[in-house]
Amino acid sequence: YAPADWDTMWPIISLPFRRLVFWLHLTVGVIAGTVIFVLSLTGMLLGYERQIVAAFDSRGTVTVPADGVRLGLDQLLVRASIDQRSVSTITVRAAPEQAVLVRPAATRALPVFLDPYSGASLPPPVGGPVRTFMSKVRQWHLVLGAPEGAWTPVAHAVSGVAVSALLLLVPMGLWLWWPARWTRASIGRLLWFQPALRGRARDFNWHNSVGVWSAAPLFVMALTSVLLVYQWPNELIQRIGTSPRPAAPASDQTTHSPDAPFASWSVLHDAVTRRHPAWRVVTFTRGRPDQKPVVVQAVVLEGNTFRPDLRTVLLLDAVTALPVRVVEYAAMPVGRRLLAWVRYTHTGEAFGLAGQTVATLASAAGVLLTWTGLALAWRRFRTRVSRR
């Protein structure tokens, strides 16, 4: 065959690689653009969800008295007329304005929020216009607003395809953005945001400038989204370094008589806080009485409570309150340590308020990128139709 015959034999072979990448980028973007727009918009609205809810809804928080003396957990339960043996889980926060969450052992019993200074029961932090709005936005972000039922798996699958497409669009967009010649003029046209432009020039400039500045956080958010949606990548990552490091040393399990009384919640709390003086949140969960030995799990969060490397799990002897086993972040396999960062890296909360800001701005960039990308595709289609 002569070189010109390749056009009739297989047209795509004659296309330059850059043009091939361009059409892949355009096609994938048009197909998944609407869903990516919805996910980006809802992600942007959820960027400061905790702070917004706390600002407009103070339920779950208390007024700190002048002395600021908190009651012990045992005294707190007595004031609230709650039997210690009927409690399954207690969550205590170091922040002085935060209530203590008590979950009864009964399956259908509702959790109780207690004032840590008086023991008074507080209304649960549910409902309210702001919480309801954020709940609706979160439903759109997770399953595109699909109600519980047969459409939920379909919406979940569509979201998975969209975030997978975004994972491909980001590196393809960077490759297309890369100028053939690095000059100050060419870089300036592609790199700097120019709000005064109009029409196609505006869409082109905004798509390129916003895309290159937001490429890194968008790629991370797309990658973590894929890990949150699909199970098989998590199973592959979990196989990395499956031999765990030795767990942190703990005290030997003490022997005690079968009828020995369980340690009170205050004793358990004191034992944990002495061991972790920088604690921010501690959640105690008492094991079943038929377990031998009966243990109480204490999950301790320090510093930024969304960082997995500042999370420690202790199994305490229910009688002596001594640690039977201590599981720290460094003792986990490499794969589990990597996966522990996925959830709060996606929202940016693992890196504090700065991380939340970057994630929110990246979501806003996703909104602008899909809008300008679809506008450019529509302009191209309309121009071709008019030419024909």
Side-chain angles (χ1 to χ4, degrees), residues 6 10-44 141 144 157-183 186-194 197 200-230 232-233 236-237 342 345-346 348 358-359 361-384:
W6 287 107
W10 195 3
I12 198 171
I13 293 180
S14 64
L15 294 176
F17 184 68
R18 187 181 183 88
R19 188 180 300 177
L20 172 61
V21 175
F22 168 79
W23 281 107
L24 285 175
H25 185 81
L26 187 146
T27 304
V28 174
V30 168
I31 293 174
T34 304
V35 180
I36 294 175
F37 180 87
V38 173
L39 296 178
S40 300
L41 179 61
T42 53
M44 180 183 66
H141 189 70
L144 301 176
V158 172
S159 298
V161 173
V163 295
S164 301
L166 180 60
L167 193 62
L168 297 175
L169 288 172
V170 173
M172 286 194 294
L174 271 180
W175 195 89
L176 291 171
W177 172 89
W178 201 268
R181 294 182 179 180
W182 283 75
T183 63
S186 63
I187 295 299
R189 285 194 301 268
L190 299 175
L191 195 61
W192 303 118
F193 186 80
Q194 302 179 40
L197 296 177
R200 184 182 180 279
R202 174 199 59 199
D203 297 336
F204 182 81
N205 173 260
W206 290 11
H207 194 77
N208 283 275
S209 58
V210 172
V212 69
W213 287 111
S214 63
L218 270 179
F219 185 81
V220 172
M221 294 179 71
L223 179 61
T224 52
S225 297
V226 170
L227 294 175
L228 290 171
V229 170
Y230 297 110
W232 62 267
L236 293 177
I237 295 175
V342 170
T345 297
H346 179 72
V358 171
L361 291 177
S363 298
V367 173
L368 188 59
L369 287 172
T370 50
W371 179 267
T372 54
L374 291 174
L376 287 170
W378 172 250
R379 292 177 188 278
R380 174 178 288 270
F381 172 76
R382 192 174 59 179
T383 301
R384 289 206 168 200

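A distance of 6.0 Å separates OG1 of Thr34 from CG of Leu374, quoted to the nearest 0.5 Å. Here the CZ-CG distance, from Phe219 to Leu223, works out to 5.5 Å after rounding to the nearest 0.5 Å. Atom CG of Leu376 is separated from atom CG of Asp203 by 5.0 Å, given to the nearest 0.5 angstrom. Separation of atoms CE (Met44) and CG (Leu39) is listed at 12.5 Å; rounding is to 0.5 Å. One finds the CG atom of Leu176 at 8.5 Å from the NE2 atom of His207 (value rounded to the nearest 0.5 Å). Taken from CH2 in Trp232 to CD1 in Ile237, the straight-line distance is 9.0 Å, to the nearest 0.5 Å.
By the 4.5 Å heavy-atom criterion applied to side chains, Val367 and Trp371 are not counted as neighbours. In this structure the side chain of Trp213 reaches within 4.5 angstrom of the side chain of Leu191, judged on heavy atoms.
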Checking side chain to side chain contact (heavy atoms under 4.5 Å, CB included) for the pair Leu218/Leu169: CA distance, chi angles, key distance, verdict?
CA-CA 10 Å; Leu218 270 179; Leu169 288 172; over 6 Å; no
Pair Ser214-Leu361, side chain to side chain contact (heavy atoms under 4.5 Å, CB included): steps then yes or no:
CA-CA 8 Å; Ser214 63; Leu361 291 177; over 6 Å; no
Stepwise, does the side chain to side chain contact (heavy atoms under 4.5 Å, CB included) test hold for Ser209 with Gln194?
CA-CA 9 Å; Ser209 58; Gln194 302 179 40; over 6 Å; no
Before giving the answer on side chain to side chain contact (heavy atoms under 4.5 Å, CB included), spell out for Leu26 and Arg380 the whole-Å C-alpha distance, their side-chain angles and the decisive distance to 0.1 Å.
CA-CA 10 Å; Leu26 187 146; Arg380 174 178 288 270; 4.0 Å; yes
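Listed for the Asn205 side chain is a donor-acceptor partner under 3.5 Å among the backbone atoms of Trp192. In this structure a side-chain-to-backbone donor-acceptor pair under 3.5 Å is missing from Thr345 to Val342.
A cation-pi arrangement is absent between Arg18 and Trp177, since the terminal nitrogen or guanidinium carbon is not both under 6.0 Å from the aromatic centre and inside a 45° cone about the axis.
Aromatic pair Phe17/Trp175: centroids less than 6.0 angstrom apart.
Partners of Trp178 according to the side chain to side chain contact (heavy atoms under 4.5 Å, CB included) rule, which considers only residues two or more places apart in sequence or in another chain, are Trp182. Listed by chain and residue number, His141 satisfy the side-chain hydrogen bond (donor to acceptor under 3.5 Å, both in side chains) test with Thr42 (two or more places apart in sequence, or in another chain). Taking Arg200 as the reference, nothing meets the salt bridge (Lys or Arg N to Asp or Glu O under 4.0 Å) condition, with sequence neighbours excluded.
Applying the 6.0 Å contact sphere to CZ of Phe22 captures more than 12 heavy atoms from other residues, nucleotides or ligands. The neighbour count for Phe193 CZ, taken as heavy atoms of other residues, nucleotides or ligands under 6.0 Å away, is above 12.
Summarising the geometry of Met221 relative to Ser363, their closest heavy-atom pair is CE-OG, 3.4 Å, with the distance given to 0.1 Å. Between Leu368 and Trp206, the shortest heavy-atom contact is CD1-CE3, 3.8 Å. Nearest heavy-atom pair, Ser225 versus His346, reported as atom, atom and distance to 0.1 Å: OG-CE1, 2.7 Å. Nearest heavy atom pair, residue Ala215 against residue Val170, reads O-CG1, 3.5 Å. Pairing each heavy atom of Ala362 with each of Pro217, the nearest pair is CB-CB, 3.8 Å.
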